[in-house]
Amino acid sequence: MSAHERFSGRLRRCRQCGIRVPRSEMVYGHRACSEDCANNLWFKETFDAFVD
């Protein structure tokens, strides 16, 4: 069994850095792979509205 067969339906891509991780390890509403990426996403979502 290949890694693709084992993880094909359970991996999600991090919206910040792009790596694929298991959904069970993701944070920030299954959008980030780590707390650092979650913080960066939060800053982007929060402060990009003020820049425009």
**OP:** Flag the pair E45 and R31 as a salt bridge only when some basic side-chain nitrogen lies within less than 4.0 angstrom of an acidic carboxylate oxygen.
**Re:** yes
**OP:** First locate atom SG of C14, then atom CD of E25, and finally report the distance between them rounded to the nearest 0.5 Å.
**Re:** 12.0 Å
Original post:
CZ/R10 to OG/S24 distance, rounded to the nearest 0.5 angstrom?
Top reply: 9.0 Å
Original post:
How long is the gap from CE on M26 to OG on S34, to the nearest 0.5 Å?
Top reply: 9.5 Å
**OP:** Measure the CZ-CZ distance between R23 and R12 for me, rounded to the nearest 0.5 Å.
**Re:** 7.0 Å
Identify all side-chain donor-acceptor contacts of residues 36-43 below 3.5 Å with residues at least two apart in sequence or on another chain.
unit_1 : atom_1 : unit_2 : atom_2 : d
N39    : ND2    : E35    : O      : 3.4
N40    : ND2    : D36    : O      : 3.4

